[in-house]
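Throughout, protein chains are lettered first and strands after them, A, B, ... in sequence-line order, and every chain is numbered starting at 1.
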Amino acid sequence: MGVTELGKLIPDSIRKAVDFMQLSNRIIAMDAYNALYQFLASIRQPDGTPLMDTKGRITSHLSGLLYRTINFLENRIWPVYVFDGKPPEEKTLEIVRRRRVREEAMDKWVKLLEEGKREEARKYAQRALFLTDDMVEDAKKLLVLMGIPVVQAMADGEAQAAVIAKEGKAWAAGSQDYDSLLFGAPRLVRNLAITGRRKLPNKDEYVEIRPEIIELNEILRALKLKDRIQLIDLAVLLGTDLNPDGVPGIGPQRALKLIQEFGSLEKLLQGPLKNAQFPMDPLKIRDYFLNPPYNPNYAIEFRQSDERGIIEFLVHEHDFNEERVRNAIERLRKAMGKRRESTLDSFFG
DNA sequence: CGTAGTGA
DNA sequence: TCACTACGG
């Protein structure tokens, strides 16, 4: 998903590991779909079944969103959740591909479950589930009830998050993917889960996961690239959502060398990559990252949470445990109170 | 993923 | 205050 290969070129030296506290008093434009997919993939039973209410509607993403958001607020981190709009036509290929992967995983999951191989089944369950419109609407509804700003992107959420960060309305974009940097976010925060030990899949090992900050300027400097256009060109060689396969046979190191040597996609297309195949004009792909559609009319406003609304929604509609929810609401209220003490007063209505 | 319980 | 684990819906 996204420009995963690009991550291999970002050296550890410019990945600044931080604690939650070091992100205090910052607004972060979160890639909502990215977060929801994470919850969906990880909040489930040993056999891969997600959390569901009595009507069979998936609630894993709501549970994750509720508690993680409260954790942010308790640390005075102010999340703005940016939701994808209509995917651009150029992404159709990737969307079709992902659907196929999902359907294959779904078959495999069901099959392994029937064979009683629960642990193995879980792996495929993670790939099999996808966000439905209802699930997205539920997530937005919860955030609105909590008083957290929701921004609707025109198309790509990462593009919108980048705009928000570029305009200084947020301090950084928050996502596991690197796309927002291509879209021009000056700063990206990854691993925005609660700090702590996480178990490695299939192993009895644990690793300490901490949030990490990556700055666009530092990537350019570390990779000896002239500007963001060269970084985008590099990404196009490696593969983006608009050309998932990149240029076959060219890995991260060679792609970097080529961009450093030839300077641009145009030059490469006239020279060594004359015969390379792309699903669409590679210069159009570059232009998509340079000038993505975005929503210029967004507002970032933290409001009072609707406590009764949250109870109604989570407890009565989606069968959450009332005591747990009341506990969460109590934490939410205390954390929201920190608004006044924070340095962000101008952002709050 | 994150909470809440247990037992040292 | 840990480390570990069961469970959430």
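- Going from atom CZ of A:R122 over to atom C1' of B:dC1 covers 10 Å, rounded to whole Å.
- In this structure, the side-chain contact (heavy atoms from CB on, under 4.5 Å) partners of A:D306, at least two apart in sequence or on a different chain, are A:L145, A:R308.
- Salt bridge A:K8/A:E5: present, at least one basic N to carboxylate O contact under 4.0 Å.
- Within residues 130-137 of chain A, no residue has a heavy atom under 4.0 Å from DNA chain B.
- The salt bridge (charged side-chain N to carboxylate O under 4.0 Å, His left out) pairs that include a residue from residues 28-39 of chain A number zero, where partners must be two or more places apart or lie in different chains.
- Applying the salt bridge (charged side-chain N to carboxylate O under 4.0 Å, His left out) test to pairs two or more places apart or on separate chains, those with a residue in residues 223-234 of chain A are A:D233-A:R286.
- With sequence neighbours excluded, the residues forming a salt bridge (Lys or Arg N to Asp or Glu O under 4.0 Å) with A:E317 are A:K141, listed by chain and number.
- Within the structure, every pair that satisfies the ring-ring contact (aromatic ring centres under 6.0 Å, His included) test and touches residues 304-328 of chain A, not counting sequence neighbours, is listed here: A:F313-A:H318.
- Sorted by first and then second residue, the pairs that involve residues 146-157 of chain A and meet salt bridge (charged side-chain N to carboxylate O under 4.0 Å, His left out), not counting sequence neighbours, are A:K91-A:D156.
- The ring-ring contact (aromatic ring centres under 6.0 Å, His included) search around A:F72 returns A:F20, not counting sequence neighbours.
- Judged as a ring-ring contact (aromatic ring centres under 6.0 Å, His included), not a single pair has a partner in residues 81-116 of chain A (not counting sequence neighbours).
- The stretch residues 52-61 of chain A touches DNA chain C through A:M52, A:T59, each having a heavy atom under 4.0 angstrom from the strand.
- Applying the ring-ring contact (aromatic ring centres under 6.0 Å, His included) definition to pairs two or more places apart or across chains, those involving residues 257-298 of chain A are A:F183-A:Y288, A:F183-A:F289.
- A heavy atom closer than 4.0 Å to some atom of DNA chain B occurs in A:F39, A:S42, these being the qualifying members of residues 32-42 of chain A.
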